[in-house]
Colleague: 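Quick one: the structure is below, questions incoming.
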Number of protein chains: 2
Amino acid sequence: MPKATFFNLPNDKRSLIISAAMKEFSNANYDAASINQICKNSNIAKGSFYQYFTDKLDLYVYIMTLAVEEKIKFFSAIISEFHTLTLLEQIRLLFRKGVEFANKHPEYAALGEQFSKEDNELAKLAVTKEGNKQAESLFIQMILNAKTKGEIDSSVDSLALSLLLQSLYGAVNKYIVGKLENASYEYNEEDINSLVDSLLNIIFHGIQNKVD
Amino acid sequence: MPKATFFNLPNDKRSLIISAAMKEFSNANYDAASINQICKNSNIAKGSFYQYFTDKLDLYVYIMTLAVEEKIKFFSAIISEFHTLTLLEQIRLLFRKGVEFANKHPEYAALGEQFSKEDNELAKLAVTKEGNKQAESLFIQMILNAKTKGEIDSSVDSLALSLLLQSLYGAVNKYIVGKLENASYEYNEEDINSLVDSLLNIIFHGIQNKVD
DNA sequence: TGTGAATATGACCACCTGGTCACATATTAT
DNA sequence: ATAATATGTGACCAGGTGGTCATATTCACA
């Protein structure tokens, strides 16, 4: 956690530092990100930085935690009403909400995309230790729940389906972040949503021709 | 391409350099990988390195090209007999061959996994420009072919299915490389293959319960 | 106005990077 | 043996890194 001095800072100065750090950590991985750059872009001296944070890792964990909290806040509303929905509806909502989140908070989405590629084990561990990793088991819970309700075929391998959904969710995010990086590209949320629908349609109904 | 001097080297010295470079580039991304380390691990002087390669990028592209060539050689046999197989058989073969490749050449697999996370645009571009990127359009070709043969439902979104297969292929590779890194873990190729079968079963038949 | 605590600062440190270059050593051809 | 060419070498360079610290400034309270 940042030191008390950091939280005593005037709001605009503090948020300037945060946004500079977010920008740096979404453009470079942990080791490549530069504290010097963050200082330069937020107009603070190197010495000041170390009055706010104990070290680089301290800042990194703080920034990533902010992103996670924002995402949880964004998703909490829909998760609470999951029990009223079918698995298909749950998954579609999850994916669409993910698209919406990336659209509304591209900085956080870019941060997450960068984190998914992170090499530095220390940095990865520090972040996952801090945040609750409920997300990774969410799919499994949903799948098991749907099985008991008889919504999906019991012969389906739960682990495989979870892996499939996770990798697909990651792919969609990566796709969106890639689009958003191209400022020139005209981004269309509806196009992505119809792609998501196509994907879910495949997963739920399969691709094999039933006529033969 | 490396300079002539490099290819004049005695075989064992040359392959020592190659293996040291492969090790470095599979443990760190392009920017983080260290030429000093490669020199140290292959017992050559810094000056010698620059008699063999024009610069870091030269070595990087060379190493990645070796990996791509090895993979193409490995897959060429099965691709040539694709026309005798159904889409399901093609995809299953592709995935299984991928698992086998990662098992037989873990160094190359780790290299590919690292490349998929590569941040440095220059390095990425230099590699993709060199190698033929036939792989990325392979799935699309297979899908369109299967559609004309009526093997899969024509309403299936080809692009979405291709994205799904690609991301799944990447996820499986990542999964395997992760397992292989844990030397302690007892690796079982059959377990992975049955996971692949579960995944393909989902894609071909869907997960929705047909009883309701 | 004075005093002590909080905060701001940038020169500095040790260490690393990719790349260069003058020089030393082999190898080969004459 | 001599000359010419090909290789090997490591000190060195400019420029970057995360982190430190003595000092200067600002602030709050008496």
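Labels below follow one simple rule: chain letters A, B, ... track the order of the sequence lines, proteins then strands, and each chain is numbered from 1.
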Colleague: Please check the phosphate of D/dG19 (OP1 and OP2 only) for any side-chain N or O of A/Tyr50 closer than 4.0 Å.
Modeller: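 Affirmative; the distance criterion is met.
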Colleague: Taking any atom closer than 4.0 angstrom to a non-hydrogen atom of chain B, what span of DNA chain C does the protein reach, first nucleotide to last?
Modeller: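 Footprint of chain B along DNA chain C, 5' to 3': C/dT17 to C/dC21.
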Colleague: Find the distance B/Phe49:CZ to D/dC12:P and express it as a whole number of Å.
Modeller: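 Result: 22 Å.
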Colleague: Between A/Lys56 (NZ) and D/dT20 (P), how many Å, whole number?
Modeller: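 Distance check: A/Lys56 NZ to D/dT20 P gives 14 Å.
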Colleague: Find the distance A/Leu57:CG to D/dG18:C1' and express it as a whole number of Å.
Modeller: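 After rounding, the gap between these two atoms is 12 Å.
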Colleague: To the nearest Å, how far apart are B/Asn36 CG and D/dG15 P?
Modeller: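 Roughly 18 Å, once rounded to whole Å.
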Colleague: Do A/Lys97 and A/Phe74 form a cation-pi contact, if we require the NZ or CZ to be under 6.0 Å from the six-membered ring centre and within 45 degrees of the ring's axis?
Modeller: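 Checked: cation-pi criterion met.
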Colleague: Check this for me: B/Lys40, atom NZ, are more than 12 non-hydrogen atoms of other residues, nucleotides or ligands nearer than 6.0 Å?
Modeller: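 At most 12 heavy atoms, drawn from other residues, nucleotides or ligands, come within 6.0 Å of this atom.
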Colleague: Using a heavy-atom cut-off of 4.0 Å across all strands, would you classify A/Ser48 as base, sugar-phosphate, or nothing?
Modeller: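 Contact class for A/Ser48: base.
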Colleague: With salt bridge (charged side-chain N to carboxylate O under 4.0 Å, His left out) as the test, would you mind laying out the steps for A/Lys104 and A/Glu100 before giving the verdict?
Modeller: CA-CA 6 Å; A/Lys104 204 166 273 179; A/Glu100 191 188 333; 3.5 Å; yes
Colleague: Mind checking A/Lys3 for me? I need base, sugar-phosphate or nothing, with any heavy atom below 4.0 Å counting as a touch.
Modeller: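 Counting heavy atoms under 4.0 Å across all strands, no contact is made by A/Lys3.
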Colleague: Whole Å only: how far is the CZ atom of B/Phe6 from the P atom of D/dG8?
Modeller: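 After rounding, the reported distance stands at 11 Å.
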Colleague: When all nucleic acid strands are considered with a 4.0 Å heavy-atom cut-off, which category describes A/Ala33: base, sugar-phosphate, or nothing?
Modeller: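 The answer is sugar-phosphate, as A/Ala33 gets under 4.0 Å only of primed atoms, P, OP1 or OP2.
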Colleague: Rounded to whole Å, how long is the line connecting atom CD1 of A/Ile35 with atom P of D/dG16?
Modeller: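 Result: 16 Å.
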Colleague: Indicate, with a heavy-atom threshold strictly under 4.0 Å, whether A/Asp55 touches base, sugar-phosphate, or nothing.
Modeller: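 Counting heavy atoms under 4.0 Å across all strands, the contact made by A/Asp55 is with sugar-phosphate only.
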Colleague: For B/Phe115 and B/Phe25, I'd like to know if the aromatic rings sit close, meaning centre-to-centre distance below 6.0 Å.
Modeller: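 Ring centres of B/Phe25 and B/Phe115 not closer than 6.0 Å.
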Colleague: Just N and O in the side chain of A/Lys40: are any of them under 4.0 Å from OP1 or OP2 of D/dG16?
Modeller: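 Answer no for this pair, as no side-chain N or O of A/Lys40 is under 4.0 Å from OP1 or OP2.
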Colleague: What I want to find out is whether B/Lys124 reaches B/Glu121 closely enough, with some N-O distance under 4.0 Å, to be called a salt bridge.
Modeller: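 Yes, this pair counts.
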Colleague: What's the CD-C1' distance between A/Gln37 and D/dT17, to the nearest Å?
Modeller: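 Atom-to-atom, A/Gln37 to D/dT17, this comes out as 12 Å.
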Colleague: In whole angstrom, what separates A/Gln51's CD from D/dT26's P?
Modeller: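 Between P of D/dT26 and CD of A/Gln51: 15 Å.
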Colleague: Is it true that A/Arg96 and A/Asp197 make a salt bridge, defined as a side-chain N closer than 4.0 Å to a carboxylate O?
Modeller: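 Yes, charged N to carboxylate O under 4.0 Å.
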Colleague: Do NZ/NE/NH1/NH2 and the carboxylate oxygens of A/Lys117 and A/Glu113 come within less than 4.0 Å?
Modeller: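 Salt bridge between A/Lys117 and A/Glu113, a charged N being under 4.0 Å from a carboxylate O: no.
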